[in-house]
Asker: 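Would you mind keeping the following structure in view while I ask a few things?
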Amino acid sequence: MYKLIRSILFKVDPETVHTWVMGRLKMAYNMPMMRRWMIKRYAVDEPSLSQTLWGITFPNPVGLAAGFDKNAEYIDPLACLGFGFIEVGTVTPRGQGGNAKPRMFRLPADGALINRMGFNNKGANSAGPRIKRRKENVVIGGNIGKNKETPNERADDDYEQCFEFLYKAVDYFVVNVSSPNTPGLRALQEKQPLTNLLMKLQKMNYELGEGKPILLKIAPDLTNEQLDDIIDIVRTTKLHGIVATNTTINREGLHTATSVVEGFGAGGLSGLPLKQRSTEVVRYISERSNGQIPIIAVGGIFTAEDAIEKLEAGASLVQVYTGFIYQGPSIAKDICEGLIKNGHFSKKARNN
């Protein structure tokens with residue numbers, strides 16, 4: 001059924017469809033009977049799937065990646081679709097419109113998307129109160145970034161402002177320095193500026209309270225030498241983990257015609273073409289760190305088999321984004337049921 005619906009939705013601009021569909025989902029959630037139906041239809045209640053990281057209990061390991069609910073406007077209805085956690089954002093200190101439209105493109109032949117959204121959001125001071133008002137008991141991550149007009153030498157100020165705005169609202173933070181859609185942002189992944197930024201955030205972390213988990217979201221386009229630097233930075237700054245990976249600027253191996261891809265222009269590629277590289281990065285970090293760095297894996301996860309691939313490579317949790325768009329509202333349930341059938345976490349518990 002969803003494939004038929006998708007074929008209709010894919011005839012319309014992606015951003016228009018997103019706004020319309022999420023508006024309908026929110027309306028459904030506000031009807032008590034529909035809310036109960038959504039939970040019954042899509043949520044999987046299975047204790048073996050529950051994971052505890054950083055003192056946070058995740059009811060299942062399948063989360064929704066940042067970018068889908070940029071302004072924390074749809075947390076409650078999305079929670080009813082069975083996600084174990086939801087990451088909002090990327091949020092910047094001040095609201096901004098993002099890049100010029102059109103800025104999101106579908107590649108159905110590849111199961112992929114290209115986007116150059118540019119951190120379009122309403123600002124951290126707008127997202128924070130909405131997160132606090134959520135009704136559903138769902139784990140929330142806050143993905144934070146810098147405003148486009150902020151020069152890199154003042155980027156730390158933007159991240160610190162976001163951190164303070166969201167501190168009492170979210171359960172964990174993700175520092176996003178890896179989006180390809182904000183000019184110069186990926187330069188912040190270099191060792192010294194990144195170390196300085198994370199040290200400042202860790203200092204704030206314990207000045208503001210007992211400390212929230214802070215993770216770093218990295219690009220899939222880093223070399224092994226750069227990944228080694230990331231591992232060193234995580235250890236030096238006592239960061240809590242890594243989100244691997246963001247979108248890629250690589251366009252190799254696509255089935256979509258080159259002329260079509262080039263016509264879309266710049267942007268980050270997500271979906272199935274990213275799956276292999278994302279898994280490689282997860283495995284590399286896990287092996288080089290002797291499994292000591294918790295990893296949230298994202299990139300090309302459409303099925304339970306895709307999720308198991310990431311978990312066996314060393315991830316503790318997984319996130320979906322493009323897979324959600326292509327597979328539909330049952331993706332979290334389908335992956336969770338596949339994990340139960342495979343017995344992945346039961347086997348892991350016995351091995352431990």
Side-chain angles (χ1 to χ4, degrees), residues 9-23 64-74 87-127 130 143-155 157-159 161-162 174-189 217 219-221 245-252 254 256-271 273-274 298-299 321-322 324-326:
L9 295 178
F10 273 26
K11 296 181 183 298
V12 183
D13 167 72
E15 283 195 71
T16 302
V17 167
H18 179 81
T19 301
W20 186 85
V21 170
M22 295 312 297
L64 182 61
F68 201 89
D69 190 7
K70 292 176 178 292
N71 296 303
E73 295 174 313
Y74 309 112
E87 195 172 302
V88 301
T90 297
V91 174
T92 56
R94 300 165 298 284
Q96 60 182 24
N99 294 322
K101 298 180 181 180
R103 54 193 179 182
M104 178 171 280
F105 311 91
R106 306 182 186 97
L107 288 72
D110 293 286
L113 298 172
I114 290 175
N115 93 81
R116 52 171 175 273
M117 303 299 286
F119 289 173
N120 57 307
N121 74 107
K122 297 178 181 178
N125 59 346
S126 174
R130 276 196 292 275
N143 187 298
I144 59 176
K146 80 172 188 72
N147 281 106
K148 183 177 181 179
E149 73 273 10
T150 302
N152 277 7
E153 55 266 26
R154 293 199 352 249
D157 295 339
D158 277 17
Y159 286 94
Q161 287 180 48
C162 283
V174 175
V175 180
N176 187 353
V177 292
S178 53
S179 169
N181 301 318
T182 295
L185 184 73
R186 286 189 169 191
L188 295 177
Q189 292 180 114
K217 189 164 189 176
D221 308 308
T245 62
N246 213 318
T247 57
T248 180
I249 58 175
N250 192 340
R251 299 290 190 267
E252 294 180 5
L254 296 178
T256 303
T258 301
S259 59
V260 173
V261 176
E262 290 177 347
F264 292 153
L269 176 72
S270 63
L274 184 58
V298 55
Y321 178 91
T322 305
F324 184 26
I325 293 169
Y326 276 88

Asker: State whether the side chain of Asn121 and the backbone N or O of Lys70 hold a donor-acceptor pair below 3.5 Å, judged by distance alone.
Answerer: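 Between the backbone of Lys70 and the side chain of Asn121 there is no qualifying donor-acceptor contact (under 3.5 Å).
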Asker: Looking at every heavy atom in both Pro273 and Gly111, which two are closest together, and how far apart are they?
Answerer: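 Taking every non-hydrogen atom into account, CD-O, 4.1 Å.
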Asker: Roughly how far, to the nearest 0.5 Å, is the CE atom of Met117 from the OG1 atom of Thr182?
Answerer: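 It comes to 11.5 Å.
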Asker: Enter the distance from Thr248:OG1 to Asp221:CG here, rounded to the nearest 0.5 Å.
Answerer: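 Going from OG1 on Thr248 over to CG on Asp221, the span is 3.5 Å.
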Asker: Please assess Gln161 against Asn125 for the test side-chain contact (heavy atoms from CB on, under 4.5 Å), listing each intermediate value before the final yes or no.
Answerer: CA-CA 9 Å; Gln161 287 180 48; Asn125 59 346; over 6 Å; no
Asker: Can you check whether Val261 reaches Leu269 side chain to side chain, under 4.5 Å on heavy atoms?
Answerer: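 Sidechains of Leu269 and Val261: no contact.
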Asker: Mark yes or no for whether Arg94, through its side chain, and Asn147, through its backbone, hold a donor-acceptor pair below 3.5 Å.
Answerer: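 Pair absent, no side-chain N/O of Arg94 close to backbone of Asn147.
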Asker: Walk me through it: do Trp20 and Val12 pass the test side-chain contact (heavy atoms from CB on, under 4.5 Å)?
Answerer: CA-CA 11 Å; Trp20 186 85; Val12 183; over 6 Å; no
Asker: Spell out, as yes or no, whether a donor-acceptor pair under 3.5 Å connects the side chain of Asn152 to the backbone of Ala155.
Answerer: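 Absent.
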Asker: Sequence neighbours excluded, which residues qualify as side chain to side chain donor-acceptor pair (under 3.5 Å) partners of Thr90?
Answerer: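 Thr90 satisfies side chain to side chain donor-acceptor pair (under 3.5 Å) with Asn143, Asn176 only.
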Asker: Nearest 0.5 Å, please: how far is CZ in Phe105 from CG in Leu113?
Answerer: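 With rounding to 0.5 Å, CG (Leu113) is 11.0 Å from CZ (Phe105).
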Asker: Using side chain to side chain donor-acceptor pair (under 3.5 Å) as the criterion, list what pairs up with Asp157, not counting sequence neighbours.
Answerer: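 Asp157 satisfies side chain to side chain donor-acceptor pair (under 3.5 Å) with no residue once adjacent residues are dropped.
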Asker: Just wondering, are more than 12 heavy atoms of other shown residues or ligands nearer than 6.0 Å to CD1 in Ile249?
Answerer: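 No, because the 6.0 Å sphere around CD1 of Ile249 holds 12 heavy atoms or fewer from other groups.
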Asker: Okay, side chain of Thr247, backbone of Ser270: is any donor-acceptor separation there less than 3.5 Å?
Answerer: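 Not a single qualifying donor-acceptor pair exists.
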Asker: Assess whether atom CD of Glu149 is packed by more than 12 heavy atoms of other residues, nucleotides or ligands within 6.0 Å.
Answerer: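 More than 12 heavy atoms, drawn from other residues, nucleotides or ligands, come within 6.0 Å of this atom.
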Asker: Nearest 0.5 Å, what's the CD1-OG1 distance between Ile114 and Thr322?
Answerer: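 The distance works out to 11.0 Å.
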Asker: Roughly how far, to the nearest 0.5 Å, is the NZ atom of Lys101 from the CG atom of Asn120?
Answerer: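 Going from the CG atom of Asn120 to the NZ atom of Lys101 covers 8.0 Å.
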Asker: Please find the pair of heavy atoms, one from Ala219 and one from Ser178, that lie closest to each other, and give the distance.
Answerer: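 Looks like N-CB, 3.4 Å.
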Asker: Parallel, tilted or perpendicular: which fits the ring planes of Tyr321 and Phe68, with parallel below 30° and perpendicular above 60°?
Answerer: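 Ring orientation, 0 to 90° scale: perpendicular.
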Asker: Of all the heavy-atom pairs spanning Val91 and Ala127, show the shortest one and how long it is.
Answerer: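 Between these two residues, the closest heavy atoms are CG2-CB, 4.2 Å.
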Asker: Salt bridge (charged side-chain N to carboxylate O under 4.0 Å, His left out): which pairs involve residues 103-127, sequence neighbours left out?
Answerer: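 Listed once each, the pairs are Glu15-Arg103, Glu73-Lys122.
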Asker: Identify the two heavy atoms, one from Cys162 and one from Gly145, that lie closest to each other, and give their separation to 0.1 Å.
Answerer: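 Of all heavy-atom pairs spanning Cys162 and Gly145, the closest is SG-O, 3.8 Å.
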Asker: Could you go step by step and tell me if Tyr159 and Leu188 meet the side-chain contact (heavy atoms from CB on, under 4.5 Å) rule?
Answerer: CA-CA 12 Å; Tyr159 286 94; Leu188 295 177; 4.1 Å; yes
Asker: Using every non-hydrogen atom in the two residues, find where Pro108 and Phe10 come nearest and quote the distance to one decimal.
Answerer: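 Looking at all heavy atoms of both residues, the closest pair is CG-CD2, 4.4 Å.
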Asker: Determine, step by step, whether Thr92 and Lys148 satisfy the side-chain contact (heavy atoms from CB on, under 4.5 Å) criterion, reporting the C-alpha distance in whole Å, the side-chain angles of both residues, the deciding distance to 0.1 Å, and the verdict.
Answerer: CA-CA 9 Å; Thr92 56; Lys148 183 177 181 179; over 6 Å; no
Asker: What is the minimum heavy-atom distance between Leu274 and Gly299, and which atoms define it?
Answerer: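 For Leu274 versus Gly299, the nearest heavy atoms are CD2-CA, 4.0 Å.
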